[in-house]
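Everything below concerns the one structure shown next.
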2 protein chains.
Amino acid sequence: MDVQRLELLRELADRGSVTAVALATHRTPSAVSQQLKVLEREAGLPLTQRKGRGLVLTDAGRALARSATDVAVSLAKATALWDEFRNQASGEVSLVTFPTAGQMLLPGVIKALGPDLVLNCADEDPELSDFPAFTAEYDIVLAHSMSGQLSWAGRGLKVVPLMTEPLDVGLPVGHPLAERAWVGPSDLIGETWIGVTDGYPFERILHAIEQEAGARLEMSQRFADLALIESFVIAGLGIALVPRYTSGGGQPGRLVLKPLRGIESERQIVALMRPDRAERLAVRTVVDALQAEAARVQQSHAAPHHGTAK
Amino acid sequence: MDVQRLELLRELADRGSVTAVALATHRTPSAVSQQLKVLEREAGLPLTQRKGRGLVLTDAGRALARSATDVAVSLAKATALWDEFRNQASGEVSLVTFPTAGQMLLPGVIKALGPDLVLNCADEDPELSDFPAFTAEYDIVLAHSMSGQLSWAGRGLKVVPLMTEPLDVGLPVGHPLAERAWVGPSDLIGETWIGVTDGYPFERILHAIEQEAGARLEMSQRFADLALIESFVIAGLGIALVPRYTSGGGQPGRLVLKPLRGIESERQIVALMRPDRAERLAVRTVVDALQAEAARVQQSHAAPHHGTAK
DNA sequence: ATGAACTCTTTAGACTTGCTACATGGACGT
DNA sequence: ACGTCCATGTAGCAAGTCTAAAGAGTTCAT
């Protein structure tokens with residue numbers, strides 16, 4: 001019946017606790033609890049169920065929450081429509097990203113946006129946290145996945161692809177392989193590797209190399225931060241897999257990138273959003289800017305010469 | 001922003017005046033005016049405009065009203081969903097029909113519906129009034145159109161076809177043509193006709209007969225009521241075009257029907273609804289029953305023999 | 001076992017909101 | 001010019017929704 005209440009139910013489905021919903025909607029838990037109770041009375045059947053000290057949705061509750069999404073979407077479309085009538089997009093948009101994508105895209109995007117649109121950015125480590133879950137908190141979530149591996153299918157989230165970034169092999173200047181135009185899996189066995197933290201998507205490619213070459217790679221270190229990995233490579237302590245567009249930012253000319261052949265080695269960078277938020281005009285504007293900037297970055301690297309990076 | 005207000009704007013688009021909206025929504029005109037004013041202030045641009053002593057929507061207002069329909073639809077889907085969870089369809093559904101369709105379909109439909117679902121019916125003369133406009137007042141509007149002539153395309157209404165009913169030539173017993181298996185346009189010139197009121201869709205077929213036969217039909221009387229026309233035909237005062245399934249109800253055996261060949265002679269009977277109302281579970285149930293009953297009627301007539309009618 | 005921490009709920013009271021009732025101001029038709 | 005019709009202001013009231021504070025149940029640690 002009432003949209004506000006339905007919205008509350010949907011938030012509960014997303015966030016999983018009354019207090020979280022209250023916090024997110026700037027209300028007291030009491031208010032949320034009361035409204036949910038009213039909704040349940042109107043519905044005439046139990047929508048929630050106590051479990052331990054928390055609260056979970058029943059099947060009926062989940063179904064209702066899902067249809068509440070449709071309501072939120074059409075409502076967001078309506079407000080977007082009249083935003084189009086009035087002025088250009090304005091308001092605030094929040095965004096989380098993993099570090100490398102932010103470094104690559106955000107400065108250009110923020111410059112491209114008008115002064116009426118405030119973009120609040122934050123960064124999070126992509127593997128320590130459940131990125132799709134951030135869509136509850138942020139309007140836009142920048143995430144990456146390996147090609148083909150659509151880890152966030154379903155879930156009811158809107159996924160907008162921004163770019164696919166090749167993952168190259170990073171070598172120190174003077175390394176034997178540095179003279180080659182490209183490298184293959186068999187060239188890489190016997191090298192000392194600087195790896196990524198367990199669970200990183202890069203890991204999948206390293207495994208593919210091992211499988212292709214028929215030997216194990218020697219992994220000396222494991223880091224999460226890209227700049228740290230690069231500094232080890234530059235110091236000659238090993239070689240590593242690095243994203244082409246975002247590497248070498250700090251120390252150009254001291255890191256050599258070689259494309260990897262024989263293995264599909266790239267990552268997809270996408271924007272994740274809750275479907276209703278994706279409809280907001282301001283959000284759509286930011287996503288458009290992200291796509292444009294991603295295309296610009298990709299094109300500037302597609303151009304010939306240009307040394308190793310940048 | 002607020003759904004109730006959007007709904008009000010949509011009602012205004014449908015009904016055209018603040019007082020009409022107030023009447024329909026059980027409010028005072030003052031309340032409607034205030035809410036529209038709030039909506040306009042939120043939107044930041046004029047949605048309505050005074051015209052004479054009335055009020056009309058601006059372009060922006062119309063656009064918003066249209067998107068308000070989407071909101072209403074998704075909201076109706078949500079409530080329908082939980083109606084499905086809870087019990088079978090219940091509540092009240094209102095319906096208008098033109099007389100012959102009502103006589104043909106409604107008794108069977110009402111018997112088929114459970115006791116929890118109350119169907120309130122009314123009848124209106126199909127030509128004196130704008131039938132699509134009734135969708136503002138009634139949940140379901142039973143209307144007819146000649147085949148191919150989709151008079152209610154666009155408008156944003158949901159159209160559900162129920163049946164196509166042939167229009168036959170009605171003759172008195174003992175008429176020379178009564179022995180024939182069927183009649184063609186050329187057989188019908190020279191006869192005295194009992195016509196329908198100007199503007200009735202039947203009129204189009206009469207014109208088609210004239211065009212095909214190359215002569216004018218002699219029209220002695222013009223009536224709106226079918227039973228009245230039939231009594232004239234039975235009295236031998238002329239022949240007339242009558243819908244096959246609904247004729248002869250009162251006096252079986254005294255009216256002979258002959259199919260008309262050489263001209264497409266049928267009318268489409270459809271249900272018209274506002275899209276949001278079409279989503280209500282109770283409404284959908286009634287529409288399903290209408291379709292089933294229509295199929296039943298059509299089938300019972302498709303069966304051979306059976307004399308003239310019934 | 002007992003208490004501390006956490007989560008949801010209940011209750012009572014304040015605040016906000018949308019309504020009715022009545023009055024006002026134009027626009028149309030006679 | 002008058003009455004009618006329609007939309008809109010103003011004041012007050014009724015309903016709904018929130019906060020605040022206390023209560024009840026569960027989990028975890030000591």
Side-chain angles (χ1 to χ4, degrees), chain A residues 1-58 60-62 64-65 68 71-72 75 133 136-137, chain B residues 1-58 60-62 64-65 68 71-72 75 79 133 136:
Chain A
M1 187 68 152
D2 182 60
V3 179
Q4 295 246 97
R5 284 193 261 269
L6 270 182
E7 190 64 26
L8 246 41
L9 188 72
R10 193 167 70 85
E11 288 287 349
L12 183 63
D14 276 10
R15 302 179 192 270
S17 94
V18 172
T19 37
V21 174
L23 226 47
T25 59
H26 308 292
R27 269 182 270 242
T28 54
S30 171
V32 175
S33 181
Q34 289 175 56
Q35 293 307 312
L36 287 177
K37 186 135 302 252
V38 174
L39 187 66
E40 197 156 326
R41 198 162 44 72
E42 282 179 343
L45 46 81
L47 300 174
T48 60
Q49 196 176 340
R50 299 218 56 150
K51 175 164 188 184
R53 47 186 169 185
L55 201 66
V56 294
L57 293 177
T58 62
R62 251 187 306 280
L64 251 198
V71 176
L75 206 75
E137 202 64 32
Chain B
M1 189 63 160
D2 181 61
V3 178
Q4 294 246 95
R5 286 194 259 269
L6 271 182
E7 190 64 25
L8 246 40
L9 188 72
R10 194 167 70 86
E11 288 288 350
L12 184 63
D14 275 11
R15 302 179 191 268
S17 93
V18 172
T19 37
V21 174
L23 224 47
T25 59
H26 307 291
R27 270 183 269 240
T28 55
S30 174
V32 176
S33 180
Q34 288 174 54
Q35 294 307 312
L36 288 176
K37 185 130 304 238
V38 173
L39 187 66
E40 196 157 327
R41 198 160 46 72
E42 282 180 344
L45 47 80
L47 300 173
T48 61
Q49 196 177 341
R50 300 219 50 155
K51 174 162 186 187
R53 47 187 167 182
L55 200 66
V56 295
L57 293 177
T58 61
R62 248 186 307 279
L64 251 199
V71 176
L75 205 74
T79 73

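Worth knowing before you read on, the calculation uses all heavy atoms, side chains too, and leaves out hydrogens, waters and symmetry mates. Chain A is the first sequence line, chain B the second, and so forth, proteins listed ahead of strands; every chain is numbered from 1.
Between A:L57 and A:L64, every side-chain heavy-atom pair lies at or beyond the 4.5 Å cut-off. A 4.5 Å side-chain heavy-atom check between B:L12 and B:L36 finds at least one atom pair inside the cut-off. The closest side-chain heavy-atom distance from A:L6 to A:R10 is not below 4.5 Å. Looking at heavy atoms from C-beta onward, B:Q4 lies out of side-chain contact with B:E7 at the 4.5 angstrom threshold.
Near-neighbour residues of DNA chain D inside residues 7-21 of chain A, defined by a heavy atom below 4.0 Å, are absent. At a non-hydrogen distance threshold of 4.0 Å, B:G52, B:R53 from residues 39-56 of chain B come into contact with DNA chain C. For the segment residues 24-33 of chain B, the set of residues with a heavy atom within less than 4.0 Å of an atom of DNA chain D comprises B:P29, B:S30, B:S33, in numerical order.
Residues in residues 45-58 of chain B take part in these side chain to side chain donor-acceptor pair (under 3.5 Å) pairs, two or more places apart or across chains: B:E40-B:T48.
Shortest non-hydrogen contact noted between B:A60 and B:P46 is CB-O, 4.3 Å.
A close approach under 4.0 Å does not occur between any side-chain nitrogen or oxygen of A:Q34 and OP1 or OP2 of C:dT11.
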Apply side-chain contact (heavy atoms from CB on, under 4.5 Å) to residues B:L8 and B:L39 and explain how you reach the verdict. CA-CA 10 Å; B:L8 246 40; B:L39 187 66; over 6 Å; no

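Under the rule for a salt bridge (Lys or Arg N to Asp or Glu O under 4.0 Å), the partners of A:E11 that lie at least two apart in sequence or sit in another chain are A:R15, A:R274. When the side chain to side chain donor-acceptor pair (under 3.5 Å) test is applied to B:R5, the partners found at least two apart in sequence or on another chain are B:Q35.
The residue A:Q4 sits apart from the nucleic acid: no heavy atom pair falls under 4.0 Å.
Running 5' to 3' along DNA chain D, contacts with non-hydrogen atoms of chain A at under 4.0 Å begin and end at D:dT17 to D:dT27.
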When the side chains of residues 17-32 of chain B are checked against the rest of the protein, which donor-acceptor pairs come out under 3.5 Å, sequence neighbours left out?
residue: B:S17; atom: OG; partner: B:T19; partner atom: OG1; Å: 3.2
residue: B:S17; atom: OG; partner: B:A20; partner atom: N; Å: 3.0
residue: B:T25; atom: OG1; partner: B:V21; partner atom: O; Å: 2.8
residue: B:T25; atom: OG1; partner: B:R27; partner atom: NE; Å: 3.4
residue: B:T28; atom: OG1; partner: B:A31; partner atom: N; Å: 3.4
residue: B:S30; atom: OG; partner: B:Q34; partner atom: NE2; Å: 3.0

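Put simply, NZ on A:K37 and CG on A:L47 are 10.5 Å apart, with the number rounded to the nearest 0.5 Å.
For the pair B:L36 CG and C:dC19 C1', the computed distance is 15 Å after rounding to whole Å.
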